[in-house]
Amino acid sequence: MRKIHVLICLLIGLQFTSCIPYERLINFREDQEKFAVPEDIASLNEVTIQPNDRIQIQVSSLNSDAAEPFNDDLNVQGGGGGPNQQLLVGYLVDPDGYISYPRLGKIKMGGLTRFEAKEKMEELLEPYLQAPIVKIGIVNFRVTIFGEVGNSAVINVDNERISIVEAMAQAGLTPYSERGEIWIIREQDGKRVFGSVNLYSRDVFNSPYFYLKQNDVVYVQPTRDKVTSIRQPFLAVIPWVTSVISLGTLIYTVINN
């Protein structure tokens, strides 16, 4: 019986070494005493139009017939010829930041926010239309998430606004997701920049990476516990073995006492 008790203690000890601490599964746990203090939203940076974006432009005015030629069937373009060609929606922004627009020619859009692009288009259309109104949207706004998540995915964003929290909710964090350092790879102004966010800290809400931008790539690292469980798979069955032995010992003790 003494040997059995020693074995149980050893297995219980190993079980605790393979468990993930409760605190590591709780997001925004740092500075919880400050939760009641309201904060200004400072991390919402306006999305700007980048090379290789596809932007859709919808034009209207007091004279709808006069505006119709500028809509160009809502910017539907051919996909390269052939009977099975795919129609591509929106004007493609070239590497220099320009689009080719019917009747107006090449227009610089790169680096502008949607509001700035809207104002620019309305100004360019004023000689042709009475009180032109322009709506602009980025058609191919998407972010990619992979790594230690429930579902790696490419998320298409309709309203051009998605936070890292919303993205994680869609992809699904696992108990082995490293919440303390989630990487974001961003293409901006012709450069690739790298950043990270810490979901344990409330400072994540003030990070320039809290709100994701078009074509961001999010990588979630596995925790060291995940790496250990892969290298030493026997640790995964220790809780089950411990439970079985403990139950068997309890039954043996009851029967023999």
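- Every residue two or more places apart in sequence or in another chain that forms a side-chain contact (heavy atoms from CB on, under 4.5 Å) with Gln170 is listed here: Ile155, Ile162.
- Linking ILVMFWY side-chain heavy atoms closer than 4.5 Å, directly or via other members, places Phe205 and Ile184 in a single hydrophobic cluster.
- Between Lys118 and Glu122, at least one side-chain N (NZ, or NE/NH1/NH2) sits under 4.0 Å from a carboxylate O, which counts as a salt bridge.
- Looking at Gln214, its side chain never comes within 3.5 Å of a backbone N or O of Ile138 through a donor-acceptor pair.
- The two residues Ala167 and Leu212 make their nearest non-hydrogen contact at CB-CD1, 3.8 Å.
- In this structure, Val217 shares a hydrophobic cluster with Phe146, Trp183, Ile185, Phe194, Tyr219, the cluster being traced through Ile, Leu, Val, Met, Phe, Trp and Tyr side chains under 4.5 angstrom apart.
- For the residue pair Glu148 and Thr174, a side-chain donor N or O sits within less than 3.5 Å of a side-chain acceptor on the partner.
- Heavy atoms only, all atoms of each residue included: Lys213 and Glu46 are closest at NZ-O, 4.4 Å.
- Tested against Val197 for a side-chain contact (heavy atoms from CB on, under 4.5 Å), the candidates Val165, Val218, Val204 yield a single pass: Val204.
- Across all their heavy atoms, Asn140 and Arg54 have their closest contact at OD1-N, 2.9 Å.
- When all heavy atoms of Ser177 and Val220 are compared, the pair lying nearest together is CB-CG1, 3.8 Å.
- Using modelled atom types, one finds a donor on one side chain and an acceptor on the other under 3.5 Å when comparing Gln50 with Thr48.
- No side-chain donor from either of Asn198 and Glu181 sits under 3.5 Å from a side-chain acceptor of the other.
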Applying side-chain contact (heavy atoms from CB on, under 4.5 Å) to Ile99 and Ile57, what does each step give before you reach the verdict?
CA-CA 11 Å; Ile99 65 169; Ile57 302 173; 3.7 Å; yes
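- In summary, Lys108 and Asp96 do not engage in a salt bridge, as defined by a charged side-chain N under 4.0 Å from a carboxylate O.
- Among residues at least two apart or in separate chains, ring-ring contact (aromatic ring centres under 6.0 Å, His included) pairs with a member in residues 104-143 are Phe70-Tyr128.
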